[in-house]
Amino acid sequence: FGEGSQPREGSDGGSKQPPAAAGAAAAGAGGSGSGDVLGPAALLDRIFESICRPLKVRVEQVPMMAPPLLLCYQLGQLTAFYHALLADILGQGAALSRTVDGCRELAHRTFLEQLKAAGDRLLRSPPAPPADLSPPAQVSQAMQLLQEIMAAHEGSLQAAASTPPQQQQQPAADGSDSSASAAAAESGA
(Lines give C-alpha, C1' and ligand atoms only; values in the text may rest on other atoms or scores of the structure.)
Protein backbone atom coordinates (compact mmCIF):
# COMPACT_ATOMS: atom_id res chain seq x y z
CA PHE A 1 0.00 0.00 0.00
CA GLY A 2 2.55 2.80 0.09
CA GLU A 3 4.24 4.95 -2.42
CA GLY A 4 7.10 2.42 -2.68
CA SER A 5 4.83 -0.32 -4.02
CA GLN A 6 4.52 1.32 -7.44
CA PRO A 7 7.78 1.73 -9.35
CA ARG A 8 8.34 5.23 -10.58
CA GLU A 9 9.34 5.93 -14.09
CA GLY A 10 13.13 6.22 -14.39
CA SER A 11 13.88 4.73 -10.99
CA ASP A 12 14.73 1.29 -9.67
CA GLY A 13 11.64 1.15 -7.50
CA GLY A 14 13.39 2.65 -4.48
CA SER A 15 15.68 -0.32 -3.87
CA LYS A 16 18.82 0.32 -1.87
CA GLN A 17 20.93 -2.25 -3.71
CA PRO A 18 24.51 -1.48 -4.60
CA PRO A 19 25.07 -0.90 -8.33
CA ALA A 20 26.59 -4.35 -8.90
CA ALA A 21 23.75 -6.11 -7.10
CA ALA A 22 21.16 -3.98 -8.91
CA GLY A 23 22.77 -4.87 -12.24
CA ALA A 24 22.77 -8.56 -11.37
CA ALA A 25 19.13 -8.36 -10.28
CA ALA A 26 18.18 -6.57 -13.49
CA ALA A 27 20.02 -9.16 -15.57
CA GLY A 28 18.29 -11.96 -13.67
CA ALA A 29 14.82 -10.41 -13.88
CA GLY A 30 14.83 -9.17 -17.44
CA GLY A 31 15.98 -12.37 -19.10
CA SER A 32 14.34 -15.27 -20.77
CA GLY A 33 14.03 -17.98 -18.16
CA SER A 34 16.50 -20.08 -16.23
CA GLY A 35 19.54 -19.24 -18.39
CA ASP A 36 19.94 -15.91 -16.62
CA VAL A 37 20.07 -17.33 -13.10
CA LEU A 38 23.61 -17.42 -11.77
CA GLY A 39 24.89 -20.81 -10.74
CA PRO A 40 26.71 -21.27 -7.44
CA ALA A 41 30.17 -21.03 -9.03
CA ALA A 42 29.32 -17.83 -10.92
CA LEU A 43 27.77 -16.32 -7.81
CA LEU A 44 30.85 -17.14 -5.75
CA ASP A 45 33.04 -15.74 -8.53
CA ARG A 46 31.18 -12.43 -8.34
CA ILE A 47 31.44 -12.37 -4.56
CA PHE A 48 35.18 -13.10 -4.54
CA GLU A 49 36.05 -10.61 -7.30
CA SER A 50 36.45 -7.88 -4.70
CA ILE A 51 39.29 -9.63 -2.89
CA CYS A 52 41.39 -10.36 -5.97
CA ARG A 53 43.24 -7.06 -6.16
CA PRO A 54 44.11 -6.77 -2.44
CA LEU A 55 45.29 -10.39 -2.41
CA LYS A 56 47.46 -9.85 -5.48
CA VAL A 57 48.97 -6.66 -4.05
CA ARG A 58 49.85 -8.36 -0.77
CA VAL A 59 51.41 -11.38 -2.43
CA GLU A 60 53.39 -9.12 -4.79
CA GLN A 61 54.85 -7.35 -1.75
CA VAL A 62 56.48 -10.55 -0.51
CA PRO A 63 59.23 -10.75 -3.18
CA MET A 64 60.04 -7.07 -2.61
CA MET A 65 61.02 -7.88 0.99
CA ALA A 66 63.63 -10.44 -0.18
CA PRO A 67 62.13 -13.31 1.83
CA PRO A 68 64.06 -16.46 2.67
CA LEU A 69 64.20 -19.06 -0.06
CA LEU A 70 62.16 -21.55 1.98
CA LEU A 71 59.35 -19.01 2.44
CA CYS A 72 59.19 -18.44 -1.34
CA TYR A 73 58.93 -22.19 -1.88
CA GLN A 74 56.22 -22.58 0.77
CA LEU A 75 54.26 -19.65 -0.65
CA GLY A 76 54.41 -21.24 -4.09
CA GLN A 77 53.18 -24.58 -2.72
CA LEU A 78 50.39 -22.93 -0.72
CA THR A 79 49.14 -20.91 -3.67
CA ALA A 80 49.34 -23.99 -5.92
CA PHE A 81 47.13 -25.86 -3.45
CA TYR A 82 44.58 -23.05 -3.28
CA HIS A 83 44.62 -22.59 -7.05
CA ALA A 84 43.74 -26.27 -7.56
CA LEU A 85 41.04 -26.05 -4.90
CA LEU A 86 39.51 -22.86 -6.29
CA ALA A 87 39.70 -24.10 -9.88
CA ASP A 88 37.70 -27.17 -8.84
CA ILE A 89 35.08 -25.07 -7.04
CA LEU A 90 34.86 -21.91 -9.15
CA GLY A 91 36.38 -23.02 -12.45
CA GLN A 92 39.64 -22.10 -14.19
CA GLY A 93 38.21 -18.86 -15.58
CA ALA A 94 37.05 -17.43 -12.24
CA ALA A 95 38.71 -14.18 -11.21
CA LEU A 96 39.95 -15.51 -7.88
CA SER A 97 41.27 -18.68 -9.48
CA ARG A 98 43.22 -16.64 -12.06
CA THR A 99 44.53 -14.29 -9.34
CA VAL A 100 45.76 -17.14 -7.15
CA ASP A 101 47.37 -18.76 -10.20
CA GLY A 102 49.20 -15.50 -10.91
CA CYS A 103 50.36 -15.41 -7.29
CA ARG A 104 51.56 -19.00 -7.63
CA GLU A 105 53.54 -18.14 -10.74
CA LEU A 106 55.09 -15.11 -9.03
CA ALA A 107 56.11 -17.12 -5.95
CA HIS A 108 57.54 -19.91 -8.13
CA ARG A 109 59.45 -17.43 -10.29
CA THR A 110 60.81 -15.65 -7.18
CA PHE A 111 61.88 -18.98 -5.68
CA LEU A 112 63.73 -20.00 -8.84
CA GLU A 113 65.39 -16.57 -9.19
CA GLN A 114 66.62 -16.64 -5.59
CA LEU A 115 67.82 -20.24 -5.92
CA LYS A 116 69.75 -19.34 -9.09
CA ALA A 117 71.22 -16.24 -7.45
CA ALA A 118 72.42 -18.27 -4.47
CA GLY A 119 74.02 -20.84 -6.78
CA ASP A 120 75.62 -18.12 -8.90
CA ARG A 121 77.14 -16.51 -5.78
CA LEU A 122 78.76 -19.80 -4.87
CA LEU A 123 80.04 -20.28 -8.42
CA ARG A 124 81.40 -16.72 -8.75
CA SER A 125 83.39 -16.85 -5.57
CA PRO A 126 83.76 -20.42 -4.39
CA PRO A 127 84.79 -20.65 -0.77
CA ALA A 128 88.24 -21.98 -0.03
CA PRO A 129 88.20 -25.41 1.58
CA PRO A 130 89.19 -25.44 5.24
CA ALA A 131 92.41 -27.12 6.31
CA ASP A 132 90.55 -30.21 7.56
CA LEU A 133 88.86 -30.54 4.12
CA SER A 134 85.38 -30.37 5.60
CA PRO A 135 82.72 -28.58 3.52
CA PRO A 136 82.93 -24.78 3.71
CA ALA A 137 80.30 -23.01 5.80
CA GLN A 138 78.56 -21.58 2.69
CA VAL A 139 78.19 -25.05 1.16
CA SER A 140 76.89 -26.47 4.45
CA GLN A 141 74.34 -23.65 4.66
CA ALA A 142 73.23 -24.27 1.08
CA MET A 143 72.84 -27.99 1.76
CA GLN A 144 70.87 -27.27 4.94
CA LEU A 145 68.55 -24.97 2.97
CA LEU A 146 68.03 -27.57 0.26
CA GLN A 147 67.31 -30.17 2.94
CA GLU A 148 64.63 -27.87 4.44
CA ILE A 149 63.08 -27.34 1.00
CA MET A 150 63.02 -31.08 0.36
CA ALA A 151 61.40 -31.66 3.77
CA ALA A 152 58.73 -29.06 2.96
CA HIS A 153 58.12 -30.71 -0.41
CA GLU A 154 57.90 -34.14 1.18
CA GLY A 155 55.42 -32.78 3.73
CA SER A 156 53.23 -31.36 0.97
CA LEU A 157 53.30 -34.70 -0.84
CA GLN A 158 52.26 -36.53 2.33
CA ALA A 159 49.42 -34.07 2.88
CA ALA A 160 48.27 -34.49 -0.72
CA ALA A 161 48.38 -38.28 -0.43
CA SER A 162 46.20 -38.24 2.69
CA THR A 163 43.55 -35.88 1.24
CA PRO A 164 41.62 -38.15 -1.20
CA PRO A 165 40.51 -40.77 1.39
CA GLN A 166 39.01 -38.04 3.57
CA GLN A 167 37.07 -36.60 0.64
CA GLN A 168 35.69 -39.99 -0.32
CA GLN A 169 34.22 -40.53 3.17
CA GLN A 170 32.10 -37.38 3.02
CA PRO A 171 28.45 -37.95 2.06
CA ALA A 172 27.28 -36.48 -1.21
CA ALA A 173 25.05 -33.39 -1.23
CA ASP A 174 22.04 -35.46 -2.28
CA GLY A 175 22.39 -37.73 0.75
CA SER A 176 23.72 -40.72 -1.17
CA ASP A 177 26.88 -42.52 -0.09
CA SER A 178 29.66 -41.14 -2.31
CA SER A 179 32.18 -43.79 -1.19
CA ALA A 180 29.90 -46.55 -2.48
CA SER A 181 29.39 -44.77 -5.78
CA ALA A 182 33.14 -44.11 -6.06
CA ALA A 183 33.88 -47.79 -5.42
CA ALA A 184 31.30 -48.79 -8.05
CA ALA A 185 32.85 -46.37 -10.53
CA GLU A 186 36.34 -47.79 -9.88
CA SER A 187 35.21 -51.39 -10.31
CA GLY A 188 33.49 -50.53 -13.60
CA ALA A 189 36.57 -48.75 -14.98
Check whether [X] reaches the backbone of [Y] with its side chain - one donor and one acceptor, N or O, closer than 3.5 Å.
| X | Y | value |
| --- | --- | --- |
| Gln92 | Arg98 | no |
| Ser97 | Ala94 | no |
| Asp45 | Ala95 | yes |

[X] side, atom [atom1]; [Y] side, atom [atom2] - distance, nearest 0.5 Å:
| X | Y | atom1 | atom2 | result |
| --- | --- | --- | --- | --- |
| His153 | Gln74 | NE2 | CD | 13.0 Å |
| Thr79 | Asp101 | OG1 | CG | 8.5 Å |
| Leu96 | Ser50 | CG | OG | 9.5 Å |
| Gln144 | Ile149 | CD | CD1 | 10.5 Å |
| Leu55 | Thr99 | CG | OG1 | 7.0 Å |
| Glu49 | Leu44 | CD | CG | 11.5 Å |

Do you know which two heavy atoms are closest between [X] and [Y], and how far apart they sit?
| X | Y | result |
| --- | --- | --- |
| Pro63 | Val59 | CD-O, 3.2 Å |
| Ala128 | Pro136 | O-CG, 4.1 Å |
| Leu69 | Gln114 | CD1-CB, 3.5 Å |

(request) Determine, using the 4.5 Å side-chain heavy-atom cutoff (strictly less than), whether Leu71 and Leu112 are members of one ILVMFWY cluster. (result) no
Do [X] and [Y] have side chains that get closer than 4.5 Å, going by heavy atoms?
| X | Y | answer |
| --- | --- | --- |
| Val100 | Cys52 | no |
| Gln138 | Leu122 | yes |
| Leu75 | Phe111 | no |
| Leu106 | Cys103 | no |
| Ile51 | Phe48 | yes |
| Met150 | Gln147 | no |

(request) Please report the C-alpha distance between His108 and Tyr73 in whole Å, then the side-chain angles of each, then the deciding distance to 0.1 Å, and finally whether the side chain to side chain donor-acceptor pair (under 3.5 Å) criterion is met. (result) CA-CA 7 Å; His108 183 70; Tyr73 178 79; over 6 Å; no
